[in-house]
Amino acid sequence: MSLDKEKIKHVAKLARISVDEAKVDSLTKDLNSIFKFIEQLNELNTDKVKPLTSILNQSLRSRKDEISDGKIREKILKNSPKKNEEFFVVPKVVE
Amino acid sequence: MSNITNQSLSKILESIKSKKISSLELTQAYIKNIENAKKLNAFVTTTFDQALENAKKFDNKPNNEQLLSGVPLAVKDLFCTENIKTTAGSNILNNFVPSYESTVTKNLWNNGAFLLGKLNCDEFAMGSSNETSFFGNVINPIGDHLVPGGSSGGSSSALAADLTPATIGTDTGGSIRQPASFTGTVGLKPTYGLCSRWGIVAFASSLDQAGPMTKTVNDCSIMLEAMSGFDEKDSTSINKKKETYSKNLKDNIKGLKIGIPKEYRVDNMPKEIDELWEKGKKILKDLGAQLIDISLPHTKYALPTYYIVAPAEASSNLARYDGVRYGYRSQKGKDLIEMYENTRSEGFGDEVKRRILIGTYVLSSGYYDAYYLKAQKVRQLIKKDFDDSFTKVDAILTPSTPSSAFKIGEKTNDPVSMYLNDIFTVPVNLAGLPALSLPAGSDKKGYPLGLQLIGKALDEQKILNIGYAFEKNCGYKNEVKKWWS
């Protein structure tokens with residue numbers, strides 16, 4: 001299958017990345033060559049194969065549900081591009 | 001000792017222990033080298049003042065009982081370092097200063113080492129040439145027009161240029177082994193789960209694994225011992241007894257069975273790679289190993305599988321860069337959604353955006369089964385190929401890369417040709433296995449070439465032993481002319 005420009009713009013919207021109109025053509029070309037490469041997998045019949053979801057021979061550990069960390073608000077806010085004393089600040093969401 | 005910096009890590013450790021050199025003198029020698037090697041662009045950040053302080057502290061109260069006593073180390077800028085900027089080679093993290101330390105780097109410091117600086121890498125470790133970094137491409141010390149490999153290109157360049165006695169990288173599809181091969185150094189991707197992923201900027205979480213890059217196999221075993229170990233904070237960390245790889249290093253490989261997979265002889269592979277592989281086989285055979293022809297029939301599907309699985313995981317992992325909690329935020333846009341879109345568009349480079357889009361697409365409604373589920377199934381077949389082979393052999397020998405270091409700019413316009421560089425390294429990540437790249441010779445241009453030893457899961461000791469025996473008998477030593485200083 002091939003990806004057209006509209007599809008790519010839609011995927012970019014889903015990924016929350018604005019795409020420069022001038023770059024859409026080259027992006028379309030690149031992504032189509034990558035998908036052509038990826039689609040070699042269609043040569044294989046995998047009807048009876050179980051998907052691999054973990055390469056470890058162990059199941060995920062569980063731990064006690066107890067608080068082991070916290071009271072680090074300052075550290076968490078430290079790298080925020082915009083904040084007040086207690087919160088991350090974002091552009092207005094609700095009118 | 002003016003030439004201390006071209007010694008192996010183990011020699012340097014001996015010199016410190018026997019007080020032939022102080023930690024401060026050693027650190028000053030590396031700082032001098034780094035300042036003279038700015039042309040290579042291997043460093044994103046240097047931490048000289050802090051390193052000198054740590055060196056003095058060590059000299060005042062030396063503790064030589066540790067694995068890495070008094071040694072300064074530069075590390076890939078993908079490892080979060082407390083209060084030291086950590087960029088992952090990206091504009092979007094250009095101002096990020098972690099308030100915590102990655103487990104792997106913490107392990108190094110707990111073993112007596114200290115930080116010298118942060119090394120350039122492909123943006124979010126996505127690349128095979130270190131050309132996708134926001135901080136510019138890194139130069140291979142082998143030649144001023146050559147890429148150092150990627151994504152751990154700053155690491156391979158700094159190591160080969162004597163700017164750090166050893167280093168660490170991360171390997172999602174070959175990002176330790178390919179740059180090691182391109183610079184004539186040793187690189188190990190450990191078994192998935194052996195080294196903690198906690199505090200490493202995530203790319204593709206089911207494939208990412210940190211590992212050592214060093215000048216010798218012995219150095220590699222020392223570094224692996226220092227950095228590995230169970231970590232509560234990584235849900236896929238393997239809980240097992242810690243091994244003493246360096247103490248157990250042995251060069252007797254008599255009777256070991258080495259698999260030679262026929263699928264690794266690919267179309268258009270330079271004759272020199274084939275000859276190198278033959279040379280490697282002969283060395284191991286002469287040492288008493290038994291060569292066994294094997295087949296890994298799904299090898300050619302590894303790269304297409306990887307280019308579904310890795311971008312899918314990356315698109316999910318990189319969703320966190322939203323310009324709200326940390327990192328870059330665009331000032332453009334009239335509402336929250338536009339702020340997200342502009343932040344991510346301005347913050348990420350082209351290759352990262354491409355992979356996020358691929359990943360978003362293969363995970364999107366209506367395409368998931370055709371791409372992502374299909375890739376998970378093929379990944380199972382690739383893993384089974386290795387499982388079957390390892391019932392017959394102890395380790396597998398292959399070339400590390402299909403070519404030597406290529407020219408800067410040579411492959412940047414064709415993503416697929418860039419991806420093909422990882423054709424021999426990617427299958428190992430998909431199967432979660434350990435693999436060691438060893439300098440083994442050079443091509444007719446004099447550029448280094450590597451051979452790869454693949455082991456069973458958690459069989460690092462065996463491939464290190466084979467590598468150790470190989471290194472002693474290979475007779476190849478990569479000499480780097482310091483043209484930049």
Side-chain angles (χ1 to χ4, degrees), chain A residues 1 3 7-8 10-20 23 26-27 29-31 33-58 60-63 68 72 74-83 88-93 95, chain B residues 95-97 99 192-193 206 232 235-236 238-239 298 300-301 303-305 307-308 315 319 322-329 333-342 344-345 348 353-354 356-358 360-361 364 371 373-381 383 414-416 419 430-432 457:
Chain A
M1 71 152 289
L3 284 158
K7 186 91 214 170
I8 286 172
H10 173 67
V11 174
K13 192 87 199 162
L14 292 177
R16 295 277 183 266
I17 294 177
S18 71
V19 180
D20 191 349
K23 279 191 172 176
S26 67
L27 188 61
K29 185 180 139 272
D30 286 343
L31 290 181
S33 79
I34 294 166
F35 273 95
K36 194 173 152 233
F37 177 70
I38 286 173
E39 282 164 8
Q40 286 180 70
L41 295 187
N42 295 337
E43 295 166 25
L44 282 172
N45 183 333
T46 51
D47 291 351
K48 290 186 179 137
V49 184
K50 257 176 62 185
L52 185 148
T53 49
S54 167
I55 42 173
L56 290 171
N57 291 322
Q58 65 182 37
L60 291 177
R61 299 184 303 276
S62 55
R63 57 167 170 77
S68 60
I72 51 167
E74 259 172 56
K75 279 187 173 183
I76 287 170
L77 285 169
K78 189 185 81 171
N79 279 290
S80 174
K82 201 169 178 194
K83 57 182 179 276
F88 298 117
V89 176
V90 297
K92 201 168 178 182
V93 182
E95 287 301 327
Chain B
N95 56 3
F96 177 57
V97 180
S99 54
Y192 182 79
S206 81
E232 190 98 324
S235 63
T236 57
I238 299 173
N239 195 352
H298 298 92
K300 78 173 253 210
Y301 299 107
L303 262 184
T305 302
Y307 275 97
I308 294 174
S315 71
D322 56 6
V324 174
R325 291 155 299 159
Y326 47 84
Y328 172 82
R329 176 189 289 195
K334 60 180 187 318
D335 57 21
L336 183 64
I337 300 288
E338 282 191 8
M339 187 280 280
Y340 289 151
E341 290 178 343
N342 291 324
R344 290 163 65 77
S345 181
F348 292 136
K353 283 186 225 175
R354 264 199 293 271
I356 292 175
L357 294 181
I358 297 168
T360 306
Y361 181 68
S364 65
Y371 291 106
L373 189 67
K374 180 86 186 180
Q376 283 185 310
K377 289 180 169 187
V378 183
R379 189 173 180 185
Q380 185 79 269
L381 296 172
K383 181 175 180 292
D414 182 359
V416 174
Y419 298 170
L430 290 169

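Reckoned from all heavy atoms, side chains included, excluding hydrogens, waters and symmetry mates. It should be emphasised that the depicted structure is a prediction, and the values quoted were computed from it without experimental measurement. Numbers restart at 1 for each chain; the letters A, B, ... are given by sequence-line order, proteins then strands.
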Q. Taking side chain as C-beta onward, heavy atoms only, is A:Phe35 less than 4.5 Å from A:Leu3?
A. yes
Q. So which of A:Pro91, A:Ser18, A:Ser54 has the biggest tally of heavy-atom pairs under 4.5 Å with chain B?
A. A:Ser18
Q.
Can you tell me which of B:Arg354, B:Met339, B:His298, B:Lys383 forms the most heavy-atom pairs within a distance under 4.5 Å of chain A?
A. B:Arg354
(Q) Taking the side chain as everything from C-beta on, heavy atoms only, tell me whether B:Val97 gets closer than 4.5 Å to B:Tyr326. (A) no
**Q.** Chi angles and distances behind the ring pair (Phe, Tyr, Trp, His ring centres under 6.0 Å) call for A:Phe37, B:Tyr419
**A.** CA-CA 10 Å; A:Phe37 177 70; B:Tyr419 298 170; 7.3 Å; no
Q.
For B:Ser206, which atoms come within 4.5 Å of any heavy atom of chain A: side chain, backbone, both, or neither?
A. backbone
Q) Between B:Leu303 and chain A, which part of the residue has a heavy atom less than 4.5 Å away: side chain, backbone, both or neither? A) both
**Q.** Which portion of A:Ile34 sits near chain B, non-hydrogen atoms under 4.5 angstrom
**A.** both
**Q.** Whether over 12 other heavy atoms sit under 6.0 Å from A:Arg61 CZ
**A.** yes
Q) Crowded around A:Glu74 CD? As in, over 12 foreign heavy atoms under 6.0 Å? A) no
Q: Against chain A, work out which of B:Val378, B:Val324, B:Asp335, B:Leu430 has the most heavy-atom pairs shorter than 4.5 Å and name it.
A: B:Val324
(Q) As an exercise: rank A:Glu43, A:Lys23, A:Lys82, A:Lys29 by heavy-atom pairs under 4.5 Å with chain B and give me the winner. (A) A:Glu43
Q) Taking side chain as C-beta onward, heavy atoms only, is B:Arg325 less than 4.5 Å from A:Leu77? A) no
Q) Side chain, backbone, both or neither: which part of A:Lys78 has an atom under 4.5 Å from a heavy atom of chain B? A) side chain
Q. Taking A:Leu31, A:Thr53, A:Val93, A:Leu44 one by one, which has the highest count of heavy-atom pairs under 4.5 Å against chain B?
A. A:Leu44
Q.
Below 4.5 Å, heavy-atom pairs only: which of A:Leu14, A:Ile8, A:Val19, A:Asp30 has the largest tally toward chain B?
A. A:Asp30
Q: Determine the minimum heavy-atom distance between B:Ile358 and B:Tyr307, stating which atoms define it.
A: CG2-O, 3.7 Å
Q.
Under a 4.5 Å cutoff for heavy-atom pairs, which residue among A:Lys13, A:His10, A:Arg16 has the most contacts with chain B?
A. A:Arg16
**Q.** Atom group of A:Ile76 that falls short of 4.5 Å from chain B, counting heavy atoms
**A.** backbone
Q. Got a sec: does the CD of B:Glu232 have more than 12 other heavy atoms crowding it under 6.0 Å?
A. no
Q. Between B:Val416 and chain A, which part of the residue has a heavy atom less than 4.5 Å away: side chain, backbone, both or neither?
A. side chain
Q: Kindly indicate whether the side chain of A:Val90, heavy atoms from C-beta on, has any atom under 4.5 Å from the side chain of B:Arg329.
A: yes
Q | chain B contact via A:Leu56 - side chain, backbone, both or neither, heavy atoms under 4.5 Å | A | side chain
(Q) Counting only non-hydrogen atoms closer than 4.5 Å, does B:Asn95 touch chain A with its backbone (N, CA, C, O), its side chain (CB onward), both, or neither? (A) backbone
(Q) What part of A:Lys83 gets within 4.5 angstrom of chain B, counting heavy atoms only: side chain, backbone, both, or neither? (A) neither
Q.
Just so I understand: if I count every heavy-atom pair under 4.5 Å between each of A:Lys50, A:Arg63, A:Lys92 and chain B, which residue has the most?
A. A:Lys50
Q | Student check: side-chain heavy atoms of B:Leu373 and B:Gln376 closer than 4.5 Å | A | yes
Q.
In this structure, is the centre-to-centre distance between the rings of B:Tyr328 and B:Phe96 below 6.0 Å?
A. no
(Q) Is A:Ile17 in contact with chain B via its backbone, its side chain, both, or neither, using a 4.5 Å heavy-atom distance? (A) both
Q. Between B:Ala431 and chain A, which part of the residue has a heavy atom less than 4.5 Å away: side chain, backbone, both or neither?
A. backbone
Q.
Which heavy atom of B:Gly432 sits nearest to which heavy atom of A:Ile55, and what is that distance?
A. CA-CD1, 3.4 Å
Q. In terms of heavy-atom proximity below 4.5 Å to chain B, should A:Ser26 be classed as side chain, backbone, both, or neither?
A. neither
